[in-house]
Structures are given as C-alpha cells and as structure tokens.
Amino acid sequence: MSDFSQNSSSNPSPTPLSSTTGGVRVRFAPSPTGYLHVGGARTALFNWLYARHVGGTLILRIEDTDFERSTSEMVDGILQGLSWLGITWDEGPFYQSQRMDLYARAAEKLVANGHAYYCFCTKEQMDDYRAKASNEGRTPMYPETCRKIDPAEAARRKQAGEPAAVRFKVPEHGSTVFDDAVFGKVEFQNEEIEDFVLLRSDGVPTYHLSVVADDIDMRMTHILRGADHLSNTPKQKMLYEALGVPCPIFAHVPLILGPDKTRLSKRHGATSVMAYRDEGIVPEAFRNFLALLGWTPKDSSKEVLGDRELIELFSLDGIAHSNAVFDRAKLDWFNTEYIRAYPSEKLLPLVEEEWKKAGLVPGTADAAQLVATIELVKSRARSLKDFAGSFRAFFSDTYENDPAAVEKFLKDPAVREMLVELASRYETTAEFTEQSTEQVLRDFASEKGVKAGALINGSRVALTGQAVAPSLFAVMVNLGRERTVARLKRAKEL
RNA sequence: GGCGCUAUCGUCUAGGGGUUAGGACGUGAGAUUCUCAAUCUUAAAACCCGGGUUCGAUUCCCGGUAGCGCUACCA
C-alpha cells in the first residue's frame, strides 16, 4: 500500500478559472508504477512545449489508483526526472488517490442517469469466462449478464452489501468517432467495445473513469498522450457524452520503439530518464533529442534547438503518425553539440558531480583554472563522464595511463629517454607559453634528428595518459611547467 | 483471433500526381594536423508489395503484408 502522506496536507481541487479565460489546459498524467521513462518524458515534454507555445496551463496529475503497484518512491523519481528535463508545471501535482470521492460521485451519477449499472459478477467469474471464450476462439466480451438486472433490484442487492462493480452501458449499435489532432478521423464500432468497469467492487475507479472525471474536473482542453491510448479513446468519449460534457481535443503521439522496432523496454538499455543523466547526458541535449522524436518543426533543416526555439516552433500538426526508433547515436551527437556549446562556467558544476561520483579530487581548487581546463577539453567530450574519465589527467595527478596509448606512442625506449631530456629543457626555459614550448620541442627534435610528431605524440601520452587530447602545447601550458616536467620525467617508467 | 493506427536511406525525417526524392545522425573515402574530436570535400544509402484512378504514381483509392497499439475489477 502506498503512502502519500507527505502530500495529504493539501489536496486541493483545481480552482476554476474565471469564466473570462478560456486558455489551453493540458496535463501530464503519469502512473507512479515505475520511473519516468523515455516515452513518458516525451509525452511530458510535448505537453510542456504545447502549453508554453500557446501560453496555456500545464497540470501535473499522478494517476496512482493502482495501489498495488504505485509507490511514493516512483512519484519522487518522476518529479526528479521532470525537473532534470526542465519541465515545469503550473498546477498540481494532484493525486488521484486523494480524489476518490470525485470518481465515486461520477460513477453514481452514471448509474443514476442510466448510463451505467451494478455488476455482481466476481473477478473469478470473469476470469473463467474470458478463459473459456478465448479457448473457444471467441473474442472475450462481457456477456452483459448484470446489464439485464432490473435497476431497482440491483440497487437493493447493492444496498444489502453485495459487492458490486459499476460497469458502463456501452451503446449496442452505432459507432464512436472522434477527430484526433494527429491522426484525423478515427472510428470504432460500438459492438466491439464491451461494457467496461468504471468502479471496481472495492470502490476504486478504473483508469477510464478517473481520467475522464479528472480531465473534466480540471477542465482540460487538449489531451496529448501516447498513441497506446488511441483505442481507449472511444470509451472515454462515451463517458464524456454520458456525463453531458463536451469532449476535449485528443492528440495521440506515436510511440518510441527500440532499435529492433519493438516497444522500448529494459532490453534496449536505459529506459529511465535518470539513467541518461547518470550516463553523462546533459538535459538540454536529451530534451532536444526527445523533441525531435516524433515531431518536426516546419523548417526541418535546423535540429539543434534550445528550449526557446522548441517552444516557439512546436505545433501539433508537426507530430508524426508513425512510431520512432530511439537512436542512441543521435542522442550522443546532440550531447557533444550541447557540451561543446555550453559555457564552461555552467559546465563546472555538472562536471564536479562527475568527479564526486568518480572519487576524483581536483588537483586545484581554483575555479577559474578548472573552467579554463574544461574549456580546453570540452570539445572532445562525448559525455560528462569524460571529464572524470579520459580527461582525468587534466584535473588530477592520479590517473591511469591507457596501455594502448603507451603502446602506440611510447613503445620506443629512445623516445622515452628523449622525453626525460626534454623535460630538463622545459625546467630551464625562460618562458612557458604555447609558442615557447613548441619552439623548444621542435628545436630539440631537429637536434636529435627525429620527427617532431613522434615527440609530440609521446609527450601527449606522458602528459595525459591518453592518445587523444587537445593540442599538446595548450595542454602543457594548462598543466603548467611543474606538472609538465614531472610527467615527462616519468615517461621512462611508462 | 478481433479492432485500431502506421509504412520514404540503417535511424530521425522533409516532400509531394511529372523532383537529380532534400536534410540530419551514423557509415566509407579524402583533405588538414601534433593524436583525437572538430572542420571542409566526397561516396554509398530509401519511397513495403499488388491492383486500380490518371497521360503519368513514391504521392490519391482499395487489397495484401509487416510493425506497433488496444482487446483487465492495470494505467
């Protein structure tokens, strides 16, 4: 059983807007049965972009009527994920678990107006029925046994304490049509829809009832959600009609698939948004990437778009009709773009997080120096992790030497000897600038009759432990004379 | 199984009755260099299949196929 007591102090019903404002109201309504996953994050993002684009209101609603599986940890996780993505909402979070009377009232109203009825069939009976039906190759549909019970009789039995669910009385004939903002006209035959449960026998509403009751109560104008709800929509439209309330506009967003084109799941790697933070993805990159999964701006030539641009460009008619595959390589590309474009001062706190996680204590506490170093290396970063990984030698004196790099550029003992000798020269040069260090090295190389490149590459490994790094002389200056000399002298031992 | 949705390079997509079918990521080659990244140049790479409609379909219509979704007293 979940416990949302930290929120129970206030369980406000949304205050009605003054009748003069008729703005767009959208919501993100996750179920806290898991962390914020990629698909949910994109739904949230689209709602946010749409709300901000039209100057509307975004409501956050936690759909925690599945008491078995909902937990407050998951709520926290979802909130954390949204905040990491920079998605802010205007009202809520509202918790369905705290609004149970609203749903009960809605169910009562539907029974009273003849659109719903009490069902005394037990879950076990239903399971048996379903099993039998599918064994016989029939589509399992509720046989409507209780629909035939006289309402007065049903009310009596209910009154007498007999457990009863409330089922919706689906019209026998005709069809239910709605105009989806993404897919256009969608039609379902009513015969294919069974009398679905609105209120379980324990009084807890099912999804269909709680969403509709809440969407009405919260006066939603648009329902932007995953296309997995497309087939649920006729049921909900019936509910709006039975409740005598106009339907909001539905906009269903195609799903996100894994590389094998099956629904994205743990099998495909990280599905939790926070896992991407942990992998060193910056939120702006993730947001940009997500926005372009299933949506394209009118001018599709520009892909690196900040939040202001995304908000400005976002529109429902740019939403794709078909599912999209999550392309990790493209995410990584966005990430490199954003890391490179990030001001280094802004990168510092993010990088410090990575150091903390890696147990790295920077060799200097001088923030300006750290920022300068970040500036030097960031264009080579693929993820924030690199700052504690392959760039470690720039920030700490304890780092590993990549054996492959040593093998590639330092396997010649003569080179290693020369680096030690070169170190002594650097000890005594008057200046220690990019120009002077380069001059010294090149003079030294021609003196020794070796290619400068050989010494440069060898020095790079000696200085950084890596075969990959920025321009060597910039590295030397960044490291400073002392470290440069010390590390070059150690080249012999590598 | 029934119902619904969808179908353009490997991926994200633009486009649309007559186009050299465009861009981006990724991949290959080259240039540059001090390694790598970047950058520049460049290459390969797509309209699911079959019928219609039409002078002409990748585009419109129908069917098939495939993928996904829904088909719960989950959401």
Side-chain angles (χ1 to χ4, degrees), chain A residues 29-34 63-66 68-70 96 119 121-123 126-127 130 134 137-142 163-167 180 182-183 186-189 191-194 196-202 204-208 210-211 226-235 252 254-255 257 259-263 289 292-296 298-304 320-334 336 340 377-382 390 405 408-409 438 441 451-461 464 466-473 475:
Chain A
S31 178
T33 53
E63 308 219 323
D64 54 354
T65 54
D66 184 343
E68 306 290 311
R69 298 192 299 147
S70 300
Q96 291 192 321
C119 173
C121 301
T122 63
K123 183 150 185 353
M126 287 309 302
D127 289 345
R130 252 170 247 287
S134 52
R138 288 180 293 117
T139 306
M141 292 255 280
Y142 177 60
V166 175
R167 278 185 191 270
D180 191 273
V182 173
F183 291 107
V186 185
E187 178 170 12
F188 291 82
Q189 296 304 313
E191 294 91 80
E192 284 147 16
I193 300 170
E194 70 173 342
F196 52 97
V197 171
L198 298 174
L199 209 60
R200 302 178 178 94
S201 44
D202 61 2
V204 178
T206 63
Y207 168 69
H208 297 295
S210 55
V211 235
D228 47 343
H229 289 293
L230 198 63
S231 306
N232 290 327
T233 307
K235 293 179 187 167
H252 287 94
L255 303 180
L257 310 178
D260 59 356
K261 303 210 178 200
T262 65
R263 195 174 191 168
F289 169 71
L292 261 23
L293 259 191
W295 171 74
T296 329
K298 288 274 183 296
D299 172 13
S300 59
S301 63
K302 251 204 320 186
E303 297 203 351
V304 178
H321 293 196
S322 50
N323 296 339
V325 172
F326 187 93
D327 182 2
R328 182 53 198 265
K330 188 136 188 185
L331 205 212
D332 288 335
W333 174 75
F334 274 113
T336 64
R340 187 179 315 148
V377 298
K378 71 177 177 186
S379 70
R380 283 163 178 79
R382 212 154 181 74
S390 55
K408 189 172 176 192
F409 292 121
E438 177 159 11
L441 185 140
K451 288 170 100 174
L455 292 181
I456 288 170
N457 290 331
S459 300
R460 176 175 294 106
V461 178
T464 68
Q466 301 289 320
V468 174
S471 164
L472 178 69
F473 306 104
V475 171

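Order of the sequence lines sets the chain letters (A, B, ...), proteins ahead of strands, with each chain counted from 1.
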message: Using the P atom as the point on both nucleotides, what is the distance between A21(B) and C9(B), in whole Å?
response: 15 Å

- prompt: S210(A) near the nucleic acid: base, sugar-phosphate alone, or nothing, with a heavy-atom cut-off under 4.0 Å?
  reply: nothing

- prompt: Where is the tightest heavy-atom contact between A381(A) and T336(A), given as atom of each residue plus distance?
  reply: O-CG2, 3.4 Å

- prompt: Considering only side-chain heavy atoms of V325(A), which listed nucleotide, C70(B), U6(B), U11(B), is closest?
  reply: U11(B)

message: What contact category does D228(A) fall into here, base, sugar-phosphate, or nothing, at under 4.0 angstrom with non-hydrogen atoms?
response: sugar-phosphate

message: With rounding to the closest Å, how many angstrom separate the P atoms on C61(B) and C5(B)?
response: 13 Å

- request: Please work out if A467(A) contacts a base, only the sugar-phosphate, or nothing of the nucleic acid, heavy-atom cut-off 4.0 Å.
  value: base

- request: Measure from the side-chain heavy atoms of K123(A) and tell me the nearest of C73(B), A75(B), U35(B).
  value: C73(B)

query: Across the strands shown, which category fits S201(A) at heavy-atom distances under 4.0 angstrom: base, sugar-phosphate, nothing?
result: base

- request: Give a yes or no on whether a donor-acceptor pair under 3.5 Å exists between the nucleobase atoms of G69(B), that is its base, and the side chain of S231(A).
  value: yes

query: A44(B) and U27(B): how far apart are their C1' atoms, nearest whole angstrom?
result: 9 Å

- prompt: Looking at the side chain of R380(A), which of A75(B), A24(B), U35(B) is the nearest nucleotide?
  reply: U35(B)

query: Taking the same atom, C1', in C25(B) and in A14(B), what whole-Å distance lies between them?
result: 15 Å

task: Would you kindly give the CD-to-P distance between E191(A) and C3(B), to the nearest whole Å?
output: 12 Å

message: Is there a side-chain contact (heavy atoms from CB on, under 4.5 Å) between N323(A) and K261(A)? Walk through the geometry before answering.
response: CA-CA 9 Å; N323(A) 296 339; K261(A) 303 210 178 200; over 6 Å; no

message: Does the structure show a Watson-Crick or G-U wobble partner for A7(B), both distances under 3.5 Å? Name it, or say none.
response: U65(B)

- line: Between CD of E194(A) and P of U71(B) the distance, given in whole Å, is 9 Å

query: Which nucleotide in the set A24(B), C68(B), G10(B) lies at the smallest distance from any side-chain heavy atom of W333(A)?
result: A24(B)

Rounded distance (Å) that lies between atom C1' of A24(B) and atom CG of D332(A): 15 Å

task: Could you please name the option among U11(B), C12(B), C73(B) that lies closest to any side-chain atom of T206(A)?
output: C73(B)

message: Is there a side-chain contact between R167(A) and the phosphate of C73(B), meaning an N or O under 4.0 Å from OP1 or OP2?
response: yes

query: Heavy atoms under 4.0 Å, any strand shown: does L230(A) hit a base, just sugar-phosphate, or nothing?
result: sugar-phosphate

query: Where the side chain of V197(A) is defined as all heavy atoms beyond and including C-beta, which of C25(B), C36(B), C73(B) is the nearest nucleotide?
result: C73(B)

- prompt: What nucleotide among A75(B), U6(B), A24(B) has an atom nearest to a side-chain atom of F183(A)?
  reply: U6(B)

query: Side chain of S379(A), backbone of R340(A): donor and acceptor closer than 3.5 Å?
result: no

field: Taking every non-hydrogen atom, the tightest pair across G294(A) and A324(A)
entry: N-CB, 4.3 Å

- request: Please state the P separation for the pair A75(B) and U39(B) - nearest whole angstrom.
  value: 49 Å

field: C119(A)/Y142(A) under side-chain contact (heavy atoms from CB on, under 4.5 Å): CA gap, chis, key distance, verdict
entry: CA-CA 11 Å; C119(A) 173; Y142(A) 177 60; 3.1 Å; yes

message: Could you tell me how far C48(B) sits from U6(B) if I compare only their C1' atoms? Round to whole Å.
response: 12 Å

message: Just the rounded figure in Å: distance from P of C68(B) to NE2 of H252(A).
response: 20 Å

- request: Classify the nucleic acid contact of R340(A) as base, sugar-phosphate or nothing, counting any heavy atom under 4.0 Å across all strands shown.
  value: sugar-phosphate

- prompt: For U39(B), which nucleotide is its Watson-Crick or G-U wobble mate, given both distances must be under 3.5 Å?
  reply: A31(B)

message: Need one value for A469(A): base, sugar-phosphate or nothing, where a base atom within 4.0 Å counts as base even if backbone is also close, heavy atoms only.
response: base

- prompt: Within the structure shown, what part of the strands sits under 4.0 Å from P163(A) by heavy-atom distance: base, sugar-phosphate, or nothing?
  reply: nothing

query: Can you name the closest pair of heavy atoms from V182(A) and H321(A) and give their distance?
result: O-NE2, 2.9 Å

Interatomic distance, N323(A) CG vs C68(B) P [rounded to whole Å]: 9 Å

- request: Send over the distance from E187(A) CD to C70(B) C1', rounded to a whole Å.
  value: 17 Å

query: Of all the nucleotides listed (A7(B), A24(B), U71(B)), which has the minimum atom distance to the side chain of K235(A)?
result: U71(B)

message: Using Watson-Crick or G-U wobble geometry with both distances under 3.5 Å, which nucleotide pairs with C70(B)?
response: G2(B)

- request: Select base, sugar-phosphate, or nothing to describe what F473(A) touches, counting heavy atoms under 4.0 Å on all strands.
  value: base

task: To the nearest Å, give me how far apart CE (M126(A)) and P (U71(B)) are.
output: 14 Å

message: Do Y207(A) and D66(A) have side chains that approach each other closer than 4.5 Å (heavy atoms only, starting at C-beta)?
response: no

task: Using a cut-off of strictly less than 4.0 Å, decide whether R130(A) has a side-chain nitrogen or oxygen near OP1 or OP2 of C73(B).
output: yes

- prompt: Between F326(A) and F289(A), how do the two ring planes meet: parallel, tilted or perpendicular, split at 30° and 60°?
  reply: perpendicular

message: Nearest to the side chain of L293(A), heavy atoms from C-beta on, is which of G26(B), C5(B), C12(B)?
response: C12(B)

- request: Respond yes when some side-chain nitrogen or oxygen of K261(A) is under 4.0 Å from OP1 or OP2 of U11(B), and no when none is.
  value: yes

- prompt: Base, sugar-phosphate alone, or nothing: which one does G294(A) contact when heavy atoms must sit under 4.0 Å apart?
  reply: sugar-phosphate

task: Quick one: label T296(A) by what it contacts on the DNA or RNA (base, sugar-phosphate, nothing), any heavy atom closer than 4.0 Å.
output: sugar-phosphate

field: Ion pair E303(A)/K330(A), N-O distance below 4.0 Å
entry: yes

- prompt: For R328(A) and C12(B), what is the distance between atoms CZ and C1' respectively, to the nearest whole Å?
  reply: 16 Å

message: Suppose you measure atom P in C73(B) against the same atom in U13(B); what distance do you get, rounded to whole Å?
response: 35 Å

message: Applying the Watson-Crick and G-U wobble criteria at under 3.5 Å, what pairs with G17(B)? Answer none if nothing qualifies.
response: none

Ring centre gap for F196(A) and H208(A) strictly below 6.0 Å: yes

- prompt: Where each residue is assigned the nucleotide of RNA chain B containing its nearest heavy atom, which of T65(A) and A329(A) is assigned the position nearer the 5′ end?
  reply: A329(A)

- request: Name the residue closer to the 5' end of RNA chain B, choosing between E192(A) and K330(A) according to the nucleotide with the nearest heavy atom.
  value: E192(A)

field: P gap between G17(B) and C36(B), integer Å
entry: 48 Å

- prompt: With a non-hydrogen cut-off below 4.0 angstrom, is P470(A) in contact with a base, only sugar-phosphate, or nothing?
  reply: base

- prompt: In the strands shown, is A45(B) matched to any nucleotide by a Watson-Crick or G-U wobble pair with both distances under 3.5 Å, and which?
  reply: none

